[in-house]
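These notes concern the structure reproduced below.
Fair warning: this is a prediction, and the values are worked out from it, not measured in the lab. In listed order, ligands and their atoms are each counted from 1.
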Amino acid sequence: MLKDVKRIVVKVGTSSLTYGTGKLNIRRIRKLGEVLSDLLNSGVQVALVSSGAIGVGASKLGLIARPTDTPGRQAAATVGQCELMFMYDKVFGEYGHTVGQLLITRSDIENPERRDNLVNCFEKLFEYGAIPVINENDSVAVEEIVYGDNDNLSAQVARLIGADTLIILSDIDGFFSANPAEDENAVLIPLVDKIDDTLLHMAGPSVSHLGTGGMATKLGAAKSATEAGIDTVIMNGSNPEDIYRLLDGRQVGTHFKRQGE
Ligand code: GLU
């Protein structure tokens, strides 16, 4: 059971936001915007970490695949990020909510002064009742400074803003005993008390073709967040209304318990 849910970070990956064609899954984005708007209305503060800039940009530019070179990724991200924010602004706007975009690099979080500035900005956005939408600043980030995956970024953001809950929406139902695509005996693990080395080994690298993350990065994010006292849930993002079920105390996805109690 999630407790004291007041400030949530929701992370949504490229595979949840787009179709196999690389184009936006409009129905999914609309539903996500609706559910998160409803949470905001209920008094919960929400920050959304959204991937998709590179994948959506590549599709919009008519590229047949996600670019592998850094300038190509940077350029695709400039295009895709606009498209994403346009959609979020529209969808959240329909429910009377306002989005603010934050594009972050590693140094923004690691440098104490920039970190403080960033926290101030988040706090002000929450005070204004706006919803921060975060992505890595892919257009200026190069190898050494990139988080590289938004799973990790979402955990860093959750820690930064003192969130109590991190929800990672994925294209898989949660954390399984083995890769369900390869092992028919794989079972979903509903609750994890502590992420140890055995568990980390169980998360093989599963990479979708438009995003960059896999179960290993999600587990790493869950470890970082839970160690900072943040309950973390990995769940399927195909039906955003499942977030209601989760917050109602029903079993959804895999719940990694916050540490330190
Ligand atoms: N920042 C990347 C993007 O928006 C996504 C990184 C990831 O897939 O985790 O395309």
Can you find a non-hydrogen atom of G52 under 4.0 Å from ligand 1?
-> yes
How does I54 reach ligand 1, if at all, at less than 4.0 Å between non-hydrogen atoms: by side chain, backbone, both, or neither?
-> both
With heavy atoms under 4.0 Å as the rule, classify the contact between N150 and ligand 1 as side chain, backbone, both or neither.
-> both
By number and element, which atoms of ligand 1 are closer than 4.0 Å to a non-hydrogen atom of D149?
-> 9 (O)
So the atoms of ligand 1 within less than 4.0 Å of a heavy atom of S51 turn out to be 4 (O), 5 (C), 7 (C), 8 (O), 9 (O)
Are L103 and L160 in one and the same hydrophobic cluster, where Ile, Leu, Val, Met, Phe, Trp and Tyr link if side-chain heavy atoms are under 4.5 Å apart?
-> no
Does D138 reach ligand 1 with a nitrogen or oxygen that is under 3.5 Å from one of the ligand's nitrogen or oxygen atoms?
-> yes
In V192, I189, L166, the residue satisfying side chain to side chain contact (heavy atoms under 4.5 Å, CB included) with F256 is V192
Decide salt bridge (charged side-chain N to carboxylate O under 4.0 Å, His left out) for D248 and R245; before the verdict, give the C-alpha distance in whole Å, the side-chain angles of both, and the deciding distance to 0.1 Å.
-> CA-CA 5 Å; D248 284 346; R245 294 177 49 234; over 6 Å; no
Remaining members of hydrophobic cluster (4.5 Å side-chain criterion), L63 | L61, V79
Classify the side-chain pair N135/N150 by whether it contains a donor and acceptor separated by less than 3.5 Å.
-> yes
